[in-house]
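These notes are about the structure you will find just below.
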Amino acid sequence: MKKGRIGILTGGGDCAGLNPAIKWVVKTAVDKRLESERGVRYEVLGIRNGWSGLMYEAGASLKTGDYISPLDEQKVRTWDRYGGTMLGTSRTNPYNPENDRSKLVLDNIKKLGLNALIAIGGDDTLGVAWKLAQEGVNVVGIPKTIDKDLVETDYTLGFETAMSVITEEVDRLRTTAGSHRRIFVVETMGRHTGWLALEGGEACGAYIILIPECDFSIEKVNELLLEGRKSGTRYEIILVAEGAKPIGYQEFARQEGVDNFGHKMLGGIGEFLAREIYEGIGVETRCVVLSHLQRGGAPCAYDRRMGRYFGIAAVDLIMTGDFGRMVCYRNGEVTSCPMDMVIGRTSYVDVEKHYDIERYSGRRTIFRHKG
Ligand code: F6P
């Protein structure tokens with residue numbers, strides 16, 4: 001029987017859903033019954049810590065498992081229950097113009113004898129995969145990011161688990177907020193998009209939701225808060241995306257500089273807003289930054305299922321030789337699209353469709369009634 005070797009890696013920020021995807025890639029690739037149908041016996045090599053797992057110099061020992069870790073059914077059997085990524089991850093960019101190491105990556109892919117490489121990641125990781133595809137590597141992508149900001153797919157792994165974290169944490173805040181009659185500003189992640197804040201805010205019933213796609217007026221936020229108090233509420237929850245900003249301001253950054261892919265490290269709007277509210281209306285206001293909690297914990301049922309479907313679909317693409325594609329979920333179906341349709345683009349919240357700019361909240365109308 002013909003032999004084949006598949007490499008798999010996870011890149012960028014970790015999240016829940018990665019391990020289920022890895023498990024199902026392995027299980028599908030080495031499935032004995034499928035093997036006889038396909039006429040190919042596959043083995044799967046896990047590549048450690050994102051692209052850096054392919055950046056070892058000649059002479060490095062692969063026995064240590066620091067770079068490469070062979071995967072089999074037994075090894076991955078329980079992985080789908082765990083958050084994060086058992087393979088490790090990093091924001092390493094082999095094409096970083098200041099230190100381009102892509103040649104090393106290409107050499108190592110060749111030396112390892114990989115017939116195909118599955119990259120699980122967001123825009124950055126998939127962008128590297130696409131560049132490698134241009135150099136002749138057989139790549140397939142699986143979308144993951146809690147930000148849900150990739151185009152061409154209605155789902156990215158990690159998003160629903162992050163939603164559950166937001167909902168649970170806000171539920172916890174409600175009792176303390178109510179006891180003290182305080183306002184709580186909860187800062188979510190999401191980079192330049194508001195999916196996490198908007199859908200998380202809808203799920204947990206936040207009073208005000210502020211997203212990067214719609215700059216807000218601090219005066220208006222304060223008016224809405226006073227309105228709430230007048231109607232008899234004891235407390236208010238505001239969800240603010242890390243990339244949201246008041247009209248006339250720049251995005252807030254928690255740290256100077258940029259990461260390996262040139263991204264600013266956003267954060268700080270929550271604290272700023274809490275201060276503005278206290279100074280504006282004199283109501284005690286606290287800020288909670290959910291930060292990496294949103295990426296943590298065991299995958300929810302949906303991320304386990306989607307990880308499974310995406311993992312299986314990625315192996316299917318390899319079987320049919322459809323390389324340079326990303327598996328995706330569209331209109332209720334798992335399908336795929338060319339990777340270059342995804343790279344460098346961002347899925348933003350359509351404010352007109354999904355946001356109520358009068359109340360700074362989720363929409364109140366699902367279907368527009370005609371006539
Ligand atoms: O892209 C995922 C994400 O969690 C963003 O929402 C956030 O801005 C960023 O990663 C944080 O990155 P890091 O883990 O490097 O601090």
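When a ligand or atom number is given, it counts from 1 through the structure's own listing order. This chain uses plain numbering: 1 for the first residue, then up along the sequence.
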Which residue holds the protein heavy atom closest to [atom], what is that atom called, and what is the gap in Å?
{"atom": "atom 1 (O) of ligand 1", "answer": "D147 OD2, 2.8 Å"}
{"atom": "atom 4 (O) of ligand 1", "answer": "R295 NH1, 2.7 Å"}
{"atom": "atom 15 (O) of ligand 1", "answer": "R91 NE, 2.9 Å"}
{"atom": "atom 7 (C) of ligand 1", "answer": "E242 OE2, 3.4 Å"}

Nearest-0.5 Å distance, CG of residue L45 to CZ of residue R5: 5.0 Å
Between OG1 on residue T176 and NE2 on residue H180, distance to nearest 0.5 Å: 4.5 Å
Salt-bridge criterion met for E227 and R229 (N-O under 4.0 Å): no
Salt bridge flag under 4.0 Å for residues R330 and E152: yes
Donor-acceptor side-chain pairing of S69 and K75 below 3.5 angstrom: yes
M189 N/O under 3.5 Å from ligand 1 N/O: no
Side-chain heavy atoms of V288 within contact of V170, under 4.5 Å: no
Residue H292 vicinity, atoms of ligand 1 by number, heavy atom under 4.0 Å: 13 (P), 14 (O), 16 (O)
Any R254 heavy atom less than 4.0 Å to ligand 1: yes
Contact with ligand 1 for G190, non-hydrogen, under 4.0 angstrom: yes
